[in-house]
Student: 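One structure is given below, represented as structure tokens, and several questions about it will come after.
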2 protein chains.
Amino acid sequence: MSTKTQTKKWVYLFREGDRSMRDLLGGKGAGLAEMTKANLPVPSGFTITTEACNAYYAAGERFPDGMWEQTQAALKEIEERTGKRLGDAIQPLLVSVRSGGRDSMPGMMDTVLNLGMNRETLQGIAQASGNERFAYDAYRRFIQMFGRIVLGLEAEGFEKTLAAYKKKVGAALDTDLTTAHLQEISEQFLAIVQQHTKQPFPQDAHEQLRLAIRAVFASWNGKRAVDYRNFYGIAHNLGTAVNVVAMVFGNMGENSGTGVAFTRDPATGERKLYGEFLMNAQGEDVVAGIRTPLKIEQMSKIMPAQHQEIIKIAAGLEKHYRDSQDMEFTIEDGKLYMLQTRSAKRTAQAAIRMAVEMAGEGLITRAEALQRVEPLQINQVLLPRFGEGARKQAKLLAKGINASPGAASGKVVFDPNVAQAMGRKGESVILVRPETNPDDVHGMLEAKGILTARGGATSHAAVVARGLGKPCVAGVEGLAVEPERHRFEIHGTVVMEGEQISIDGTTGEVFAGSLPTTEPRLSEEKDLVTLLQWADGVRRLGVRANADYPRDAQRAVEFGAEGVGLCRTEHMFFEEERLPHVRRMILTATEATQLEAELAMAEAAANGTAEAKRALEAAREHVAESATVKEYQASLERLLAFQTEDFYGILLAMDGKPVIIRLLDPPLHEFLPRFEDLLVEVTTLRITGKDAKALREKEALLAAVEEMREANPMLGLRGCRLGLMFGAINQMQARAIYTAGCRLLREGKHPRPEIMVPLVGVAKELELVREEITRVGAEVQREFGVTLAMKIGTMIEVPRAAVTADEIAKHADFFSFGTNDLTQTTFGYSRDDAEGKFLLHYVERGILPNNPFQVLDRGGVGKLITMARELGLGANPKLEMGICGEHGGDPSSIAFCHQAGLDYVSASPFRVPVARLAAAQAALQGAARPDR
Amino acid sequence: MSTKTQTKKWVYLFREGDRSMRDLLGGKGAGLAEMTKANLPVPSGFTITTEACNAYYAAGERFPDGMWEQTQAALKEIEERTGKRLGDAIQPLLVSVRSGGRDSMPGMMDTVLNLGMNRETLQGIAQASGNERFAYDAYRRFIQMFGRIVLGLEAEGFEKTLAAYKKKVGAALDTDLTTAHLQEISEQFLAIVQQHTKQPFPQDAHEQLRLAIRAVFASWNGKRAVDYRNFYGIAHNLGTAVNVVAMVFGNMGENSGTGVAFTRDPATGERKLYGEFLMNAQGEDVVAGIRTPLKIEQMSKIMPAQHQEIIKIAAGLEKHYRDSQDMEFTIEDGKLYMLQTRSAKRTAQAAIRMAVEMAGEGLITRAEALQRVEPLQINQVLLPRFGEGARKQAKLLAKGINASPGAASGKVVFDPNVAQAMGRKGESVILVRPETNPDDVHGMLEAKGILTARGGATSHAAVVARGLGKPCVAGVEGLAVEPERHRFEIHGTVVMEGEQISIDGTTGEVFAGSLPTTEPRLSEEKDLVTLLQWADGVRRLGVRANADYPRDAQRAVEFGAEGVGLCRTEHMFFEEERLPHVRRMILTATEATQLEAELAMAEAAANGTAEAKRALEAAREHVAESATVKEYQASLERLLAFQTEDFYGILLAMDGKPVIIRLLDPPLHEFLPRFEDLLVEVTTLRITGKDAKALREKEALLAAVEEMREANPMLGLRGCRLGLMFGAINQMQARAIYTAGCRLLREGKHPRPEIMVPLVGVAKELELVREEITRVGAEVQREFGVTLAMKIGTMIEVPRAAVTADEIAKHADFFSFGTNDLTQTTFGYSRDDAEGKFLLHYVERGILPNNPFQVLDRGGVGKLITMARELGLGANPKLEMGICGEHGGDPSSIAFCHQAGLDYVSASPFRVPVARLAAAQAALQGAARPDR
């Protein structure tokens, strides 16, 4: 197909752009254009657009038609403005070629400085600057940088040569090298290039430019950049712009220098000019950190006029951009040039302080202040952390995946039972495992933090730890956990059980020894409290917490939760003192339920005849004498007592606020020992033939587990299906909830329990379970002689529930969208399998924009939610709706919930402040929200 | 809540009803009413409605308000018409109390005759009939029947007593008993009742009636009735009516009798009066089969007038009902009474013949004829069967679940490898297994039939057997399969390996020895051919076949398939000669793909520099020298050859018709040995320590399988995800399909291959796979120098595909709804787990109306299909759409497909004629079908 389209505009001079063109020119290009427009001192230059980058890739890594010609034309204008020419021996123009995408990706893409240097222009630079040494220094720097970045040579070769040379001539610092030295080094560098590329170093300046532009384009898809975008959720199809800027030199002598300045302290947010400055240096020297820079305040003594000028420009830029700026500048022989301005990166703490203070100063509105803080940053402010001093002194053992933020220190423990025992005695322990599984949860509950050798940000350890708000470092490469030897080894260091380590789940770092932590409280973070109050005034989504224990509920309230959106009763089942009763219940449930069903049938068949009476009698006797039924009932009795206490505690902590309690959800075999472990035990016992009794017991258990295990447990006997097969479990849970509520009512409290039925896909399921709950509830209320209001609702977590929501809504007071499972069933992805096996590949390849388990998939899952909401409200206008999957703590997903017209989100306690802010931002972004 | 509603009409006299009231009055009641209306000789009576039955259950097994009073009033009218009174000592009225639901459930519910007999009425009956012996016989029959059915006593007690008495008095037949004997037997029967119920036999006739009505209501929920409804898919909430009819007596002497008559032969469909007749007998004697009845023709000699009257009534009823009738009649002292007429049950063969002939006679239209045959009946006509004679002489070993219809004989074989070897040598074998799994498929392929001890109608064995069109009997209770002893045992009979058995998958029977089978051919079933031709003229849905092998495709064409709607390439992978190559490919795929990806990255990064060239060189060398890559490529080469042959064969068999070939779908670990088996082997080898080499190998394999196995394989790395992770597999399959097609083109054939991408959930998946297929296709077409038209489409089998069908349709030429998987993901049911664990319970309890894997769930899955169709057509008006799940052969689901506006259904070859008829019926039922 041949096209004859008008050639596109691929290149913009700085004077042609402005800040609104960030998508096209990248952040850096738009900033330079904006400063140019504001008549600030900016070197001449132009920007090749992000569209050109994309077109370059689309065409199989070729410059799009017209781009190179437009580049030449723009270069010509720079040459005219500067009076220099690229590659000219007398008046040579040197340029920098800088990457710059829409989003800042610091250090992730490539930049080439001093481009245009060659044997000839070298002389011109020497003459123009009157500084031959400077020219040679620039030359050798250029060869080194161009060689490394554009020609793909390893940095090491240059560095070793330089070091060897310095050693040979006895130079301690680079500045000790003379012109002659630098000349000789340049020659050696050129030889390196020749040797590795089998070609001479490109001397033609235009060819240098062409190659450098290609290299910058290529760096968009470099591994570092791709990884960075994956991590920060930046789309891979944006492309980078390329900025070609006339060089100015901060290394022209003692009247020159270069630095960076922030309008406010990026660490604390304090309002003062903050930055660093290096005399007689190029920007790369500041970045390289070889020489210690001066604080920007010190400039006031050395270069007072320029210092004043920067202060003035900084104030102007902050006012212009209405945000704190991060600026790069160079002073060339006394003249100040601004090389970059951009919104300053800042710590979470600084972001909050700046936002609140700027609103106080009238620089921005409160609405803007609310949008200046990334909701997830709030998380960091509230987590325990290691002091910077301690961190610097500590021995870093390893770095893994920062799976759950926060910091903790404690003794190394490998066995979850030991972790539990020590934890309960008040000792701080770090549970170290190859990986974790549900059998380890009791130990995780009592540990201060979790360290695993395997698994990533979505492993069991990570998910549980985030739920518990405990730090976790996962997937530490090279970590050999050897519980049988009571030690782990990492990169040659051996750490024995009982020794102290410290883990930082925010950074993924593991340190030897115990580092002191500080644990901030929300109430002490005054700026944050202010910001969240503003947020509460703006948001239209309610914010609840997912909390399984009274202590979680307590914390959630402190963080501003307006209720509990999800209390998972099965987490209580995993606790060590309960698990034996849970297992006893499970192993007796099928037979006991069968016997009870037979009794029920005999009761139903009783038509007054003697025959029927005798049959009934027999069935009653059968049930009454069955050891299995006795065990079943006894275990249910025990669990009833435990659960009543649990619910009492949570309802008390949330007094006056709604608490949604979900009935038992996971497949029962999750509570039993693993089939594979039993299989190995039984096989071993069979071969050794030593312990016949143990063999019989284990064989029986193996058979029971085999009977119960499932091909796809995610889609098996779980959720409300359990309670419909084993009615006694639902009755026990309903009784526990009603009993806890009634007891609190009698104590003058204001309990607001709600019961949630999981995994409903057919309206009749909810109808039947609801009947059963209501029946039990009536009994308990009669016993207590009180009336307890109770809402009964369901999770919408299979697609069928969403598309038949009108039928289901007739039996529901509320819907809670279980977006974890709904994502699994809508996509047909098992999270356990997908994340490890193909999902990351899908995201990298652009098949999916994000991991849908982290960011709610609007096109599929979101569409089903919207459909369910409309159908549900149509059938039951009073229906309350929220979400309680992990998405409830994800800002993008929260924005969706706002737009979709849901009533609330429910997130883990630590995510509650995040959700408050995200909900406010969603409201401020003014997206259409349907009325009820 | 108190209600003051008008009392409902619960009771209808026969003269108040008609045939249109079948739902309310049941089939029997409506028939009696209609005959009464037509002035046929029907005894007086009335019907208690099905609504009364439902109200009875709704009220906790109490008669609804007014029902008993209305019953009394109706009774009064009968009493007036007959001049007799219930319980009256002089002129006693006796009645029968008969069940009768909307749908015929022969023998599944209860009926009580002679109700009203007691010590007093006995005398009245004796006097009125002038036959004391008759009266006592009726009395003892009544006590026996009432005792068993209403009072719940066991039949055995009465029978033993009667037998003992007959022995004592030396009576060979019942008719040998005198009045005195019968009187004494009656007393003994009354004593039995007293003994077992601790109460005297109810003598009050109205109380008898009340209890009998309760008993009939109760029999609606009796186990037999519930099982029957489950089997035939009759809803459980319809209830039964109760017919109370004045008794007439066929046992009043030699001028009396009783019988059944059919207007056409129910076995063959031949048009002639067909039936049986018993002189001097009550209906129960005919059913009991104690005396051999006469053929109805013989009546012409014994009772010519009555015979003529029946012939006339029969002709009239057939004309009136426009269908063959099944009538019950009684002649009381020369007077004919019609007790029932209903549409006659008939064999599949008879149904087809009657339909075609009645249309020929002008009794019904062709459209009606098409609706007179149950589509599934066609299946039975086309399956191999055992001759009736042989069946009667054979030794029945056991009866199991009729898991896949048809009949087969062969030698017993336990090992699938042996089955395969013998089968290939042309020997007939029956594969007998405890249960089957995918490892057994190669043996199943070559066996004539499958017999398993465990598993039901949805077990692996059943599903595979149905797919293969082979008979299967599954879940045989008491069958002990002992392969290690080369035998199985069943109810005490031992059958050794190599002995002959015969299985009938239509009935679930297992016989000893080899029974001859007959295999009907469609072309020989003239009536069926005619009917299907009529169907083809009417239907608007296309009918294709699911066929994995050329022989299946061939059969599908014979059965009228218009193409292949689904060819599952993985079934070819399971064949024994291929499996080693498949396994080799799987075990090398990850590493080889990784190496190849590195090479591709090096190629992409090649920017002309020497450095990049060297990196590329190294990557190439790495790939070239890798033994893993070599193995991977070699196994793919082998598979390419196999697959090309497969596709060539199928395309040839379907020449000129479309053949949709699905790319590889199942998770790769399905092709590997089972993890659990390997775990036991490795554990054993570890403990015994005997074979270090074997241990190493098995450990490596175990590790590989562990790495690949998944928590929920149904939702894991499968479908198009495989081809996106391992591009070489897609390339191999695309190349095989194009090569087969191009070769056929060159041979002058008309191949119409289409490629189907499974499990797409994101449009980009299809886009990328399509690009790859198209690229390979272009290469192959260039090699052959021909142009092969190719449609590329996708399965819609996860909900996300349905709700984003507009995006997906842009890259698709067709959609095929994979309703098996779509049902799994829409409900969140794993079929493997759900059917065994809770689905049957759900259907029994009415939570679901049907098993959604058998009958398409319109409310959920159907809604998604409708949505996907609309979205898809909106984006791509040329899109073709069909379904290819098992539902494609289910008549109700086919009706849905018609209504939903799909273009075709695809079913297993044996279901193709079924689908042709079902599609015609759907069209005739005139449901709205959306336009394209």
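Since the model is a prediction, treat every value here as computed from it, not as a measurement. Here is the naming used below: chain letters follow the sequence lines, and residue numbers restart at 1 for every chain.
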Student: For A/Ile687, is it the side chain, the backbone, both, or neither that has a heavy atom closer than 4.5 Å to a heavy atom of chain B?
Tutor: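 Looking at A/Ile687, just its side chain touches chain B.
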Student: As an exercise: rank A/Ala834, A/Gly859, A/Gly719 by heavy-atom pairs under 4.5 Å with chain B and give me the winner.
Tutor: A/Gly859
Student: Using non-hydrogen atoms only, which part of A/Glu681 is less than 4.5 Å away from chain B: side chain, backbone, both, or neither?
Tutor: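 A/Glu681 has no heavy atom closer than 4.5 Å to chain B.
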Student: Which heavy atom of A/Lys837 sits nearest to which heavy atom of B/Met725, and what is that distance?
Tutor: O-CE, 3.3 Å
Student: Given A/Asp833 and B/Leu717, is the side-chain contact (heavy atoms from CB on, under 4.5 Å) satisfied, shown in steps?
Tutor: CA-CA 7 Å; A/Asp833 302 311; B/Leu717 180 53; over 6 Å; no
Student: State, to 0.1 Å, how close B/Val803 and A/Met867 come at their nearest heavy-atom pair, and which atoms those are.
Tutor: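 Closest heavy-atom pair between B/Val803 and A/Met867: CG1-CE, 4.5 Å.
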Student: Check the surroundings of atom CD in B/Glu676: do more than 12 heavy atoms from other residues, nucleotides or ligands lie under 6.0 Å from it?
Tutor: yes
Student: Can you tell me which portion of B/Leu679 sits under 4.5 Å from chain A's heavy atoms? Options are side chain, backbone, both or neither.
Tutor: side chain
Student: Between B/Phe838 and A/Arg721, what is the shortest heavy-atom contact and its length?
Tutor: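 Minimum heavy-atom separation between B/Phe838 and A/Arg721: CZ-CD, 3.4 Å.
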Student: Heavy-atom distance under 4.5 Å between the side chains of B/Leu715 and A/Asn712, does that happen here?
Tutor: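 They are not in contact (no side-chain heavy atoms under 4.5 Å apart), so the answer is no.
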Student: Which region of B/Glu706, side chain (C-beta onward) or backbone (N, CA, C, O), has a non-hydrogen atom less than 4.5 Å from a non-hydrogen atom of chain A, or is it both or neither?
Tutor: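 Answer is neither: B/Glu706 stays 4.5 Å or more from chain A.
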Student: A quick test of your reading: do over 12 heavy atoms of other residues, nucleotides or ligands sit less than 6.0 Å from CD of B/Gln194?
Tutor: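 Yes - once you tally the heavy atoms of other residues, nucleotides and ligands closer than 6.0 Å, there are more than 12.
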Student: Kindly give the heavy-atom pair with the smallest separation between B/Leu848 and A/Val762, and that separation in Å.
Tutor: CD2-CG2, 3.5 Å
Student: Taking B/Gly828, B/Pro713, B/Gly761, B/Gly716 one by one, which has the highest count of heavy-atom pairs under 4.5 Å against chain A?
Tutor: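 The answer is B/Gly828.
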Student: Taking side-chain contact (heavy atoms from CB on, under 4.5 Å) as the criterion, tell me which of B/Leu864, B/Val861, B/Asp857, B/Thr825 meets it with A/Arg800.
Tutor: B/Asp857
Student: Quick check on the interface: out of B/Arg686, B/Arg718, B/Lys764, who has the most heavy-atom pairs with chain A under 4.5 Å?
Tutor: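 Heavy-atom pairs under 4.5 Å are most numerous for B/Lys764.
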Student: Nearest heavy-atom pair of B/Val798 and A/Phe827: which atoms, and what distance?
Tutor: CG1-O, 3.6 Å
Student: Taking A/Gly60, A/Ser830, A/Gly860 one by one, which has the highest count of heavy-atom pairs under 4.5 Å against chain B?
Tutor: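 Heavy-atom pairs under 4.5 Å are most numerous for A/Ser830.
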Student: Chain A: which of B/Leu724, B/Val682, B/Asn221, B/Thr684 shares the most heavy-atom pairs with it under 4.5 Å?
Tutor: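 Highest number of pairs under 4.5 Å: B/Leu724.
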Student: Does a salt bridge link A/Arg845 with B/Glu765, judged by any charged N lying under 4.0 Å from a carboxylate O?
Tutor: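 No, A/Arg845 and B/Glu765 are not salt-bridged.
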Student: Is there side-chain contact between B/Glu710 and A/Asp832, with heavy atoms separated by less than 4.5 Å?
Tutor: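 Side chain of B/Glu710 against side chain of A/Asp832, heavy atoms only: no contact under 4.5 Å found.
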Student: Is B/Thr688 in contact with chain A via its backbone, its side chain, both, or neither, using a 4.5 Å heavy-atom distance?
Tutor: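 When you check distances to chain A, only side chain atoms of B/Thr688 fall under 4.5 Å.
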